[in-house]
Amino acid sequence: MRFDINLEHAPELDADNYINRELSWVDFNYAVLAQAEDESLPLLERLKFLAIVSSNTDEFFMVRVATIHKKLALNVPSNRPDGIPYPILIEEVRARVLTLMQRQRELMRTLLGQLRNYGVMVDAVSDLPKEYRHALRENFFEEIFPVLTPLAVDHARPFPFISNLSMNLAICLRRKGEPDEQDEFVRVKIPDTMPRLINVNEIVRKHGGEPPAEERFVWIEDLIAGKSRSAVPRHEGRRVCPLPRDAQRRYRLRK
């Protein structure tokens, strides 16, 4: 059976009657964040909702935002019924997600502060007592430093392949006696096999010390960023960040 559809006299689409699907997704993630902000829920449940916000955002950028960037690169005109051009859409997505991430980070600091009331602390390495920092330093050079592989980037060595959602430390390495403009960029990938949170109690106990009464943890990127200064003289760590990659294709990032 054949159907002939004549669109010549079809009514025009009214953009006001449609919601953009990307902006709708961001609004949905705001609803997930609202669950984390709900003080009637148990503390660990609220932290779980914060984690869901992050995983949702990773997937959003890997698929939907990546698709928008492809269309922008190809200068494809928008034929979506909501009528929002891609250049305006990508800016609006960025603005809304930045606000979302700011609220999420502020809430995370609040909830981690409340977690301290239950004897679980996530500290900065610099805030720990000297004996705990010493145990972490010993553990760093014994177990973490040997598996780190710095990769320099210059005119002869292209920017290395970044595996999806990996944690990476960007380092500016300055050789002794050379001016600032001779700084070299080095990328250090944090191994996926390493736990994101390092249990300070276990490390202190392993090195023969008296562990704290409460459970203490530090972020592994904080430990590597601080202790790598001892391993590589004359350098400064700049930033650690997870990198969601375009899930639709494989490619190499360029400097």
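A salt bridge between Asp123 and Arg116 is present, with a side-chain N of the basic residue lying under 4.0 Å from a carboxylate O of the acidic one. Salt bridge status for Glu221 with Arg196: present, with a side-chain N to carboxylate O gap under 4.0 Å. With salt bridges taken as basic N to acidic carboxylate O contacts below 4.0 Å, none links Arg205 and Glu202.
The two residues Leu41 and Phe49 make their nearest non-hydrogen contact at CD1-CE1, 3.9 Å. When every heavy atom of Arg46 is checked against every heavy atom of Leu111, the shortest pair comes out as CZ-CD2, 3.6 Å. Taking all atoms of both residues into account, the shortest heavy-atom contact from Tyr132 to Pro211 is OH-C, 4.0 Å. Taking both residues in full, the closest heavy atoms of Asp222 and Ala124 are given as OD2-CA, 3.4 Å, listed atom of the first, atom of the second, then distance. Here the shortest heavy-atom pairing between Met108 and Leu50 reads CA-CD1, 3.6 Å. Across all their heavy atoms, Pro191 and Leu148 have their closest contact at CD-CD2, 3.8 Å.
Taken to the nearest 0.5 Å, the CG atom of Leu136 stands 5.5 Å off from the CG atom of Leu223. Atoms CD and CE, on Gln104 and Met101 in that order, are 4.5 Å from each other to the nearest 0.5 Å. The CG atom of Leu47 lies 5.0 Å from the CG atom of Leu43; values are rounded to the nearest 0.5 Å. Annotation: the span from Thr57 atom OG1 to Asn29 atom CG amounts to 4.5 Å, rounded to 0.5 Å. Remark: Phe61 CZ to Arg94 CZ distance equals 9.0 Å, nearest 0.5 Å. A distance of 5.5 Å separates CG of Asn199 from CD of Glu215, quoted to the nearest 0.5 Å.
Considering only heavy atoms from C-beta on, Val32 comes within 4.5 Å of Asn56 through its side chain. Contact check for Glu210 versus Val204: no side-chain heavy atoms found under the 4.5 Å cut-off. Using a 4.5 Å heavy-atom threshold, the side chains of Ile224 and Phe140 count as touching. Contact check for Val147 versus Met194: side-chain heavy atoms found under the 4.5 Å cut-off. Contact annotation: the side chain of Pro212 never approaches that of Glu131 to less than 4.5 Å [non-hydrogen atoms, C-beta and beyond]. Within the 4.5 Å cutoff, no side-chain heavy atoms of Glu92 are placed close to those of Ile84. Side-chain contact check for Arg103 versus Glu37: some heavy-atom pair is nearer than 4.5 Å. Looking at heavy atoms from C-beta onward, His207 lies in side-chain contact with Glu142 at the 4.5 angstrom threshold.
A donor-acceptor pair shorter than 3.5 Å cannot be found between the side chains of Ser166 and Asp192.
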Item to check | Residue pair Ile198, Phe217: steps toward the side-chain contact (heavy atoms from CB on, under 4.5 Å) verdict | outcome: CA-CA 5 Å; Ile198 302 295; Phe217 298 86; over 6 Å; no
Item to check | Trace of the side-chain contact (heavy atoms from CB on, under 4.5 Å) decision for Glu22 with Ile90 | outcome: CA-CA 9 Å; Glu22 278 74 31; Ile90 200 68; over 6 Å; no
Item to check | side-chain contact (heavy atoms from CB on, under 4.5 Å) between His134 and Lys130, worked out | outcome: CA-CA 6 Å; His134 177 75; Lys130 183 177 180 180; 5.6 Å; no
Item to check | Intermediate values then yes/no, side-chain contact (heavy atoms from CB on, under 4.5 Å), Leu100 and Leu33 | outcome: CA-CA 8 Å; Leu100 176 74; Leu33 180 62; 3.7 Å; yes
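In the hydrophobic clustering of this structure, Leu151 does not group with Phe145; members are Ile, Leu, Val, Met, Phe, Trp, Tyr whose side-chain heavy atoms approach within less than 4.5 Å, directly or through other members. A continuous path of hydrophobic side-chain contacts links Leu197 to Val120 [ILVMFWY only; heavy atoms under 4.5 Å]. One hydrophobic cluster holds both Leu115 and Leu107 under the rule that ILVMFWY side chains link at heavy-atom gaps under 4.5 Å. Residues Val76 and Val93 do not share a hydrophobic cluster, defined by chaining ILVMFWY side chains whose heavy atoms lie under 4.5 Å apart. Note on Met167 and Ile220: same hydrophobic cluster, where clusters join Ile, Leu, Val, Met, Phe, Trp and Tyr whose side-chain heavy atoms are under 4.5 Å apart, directly or indirectly.
Remark: the backbone N or O of Val63 is paired with a side-chain donor or acceptor of Thr67 at under 3.5 angstrom. Remark: side-chain polar atoms of Asn201 are paired, donor with acceptor, to backbone N or O of Arg216 under 3.5 angstrom.
For CG of Asn117, the number of neighbouring non-hydrogen atoms (other residues, nucleotides, ligands) closer than 6.0 Å is greater than 12. Within 6.0 Å of the CZ atom in Phe28, the count of heavy atoms belonging to other residues, nucleotides or ligands does not exceed 12. Within a 6.0 Å radius of CD in Glu39, no more than 12 heavy atoms belonging to other residues, nucleotides or ligands are found. The environment of Glu214 atom CD is dense: over 12 non-hydrogen atoms of other residues, nucleotides or ligands sit within 6.0 angstrom.
Taking Phe60 as the reference, Trp25 meet the ring-ring contact (aromatic ring centres under 6.0 Å, His included) condition, with sequence neighbours excluded. The side chain to side chain donor-acceptor pair (under 3.5 Å) check on Gln114 picks up nothing, with sequence neighbours excluded.
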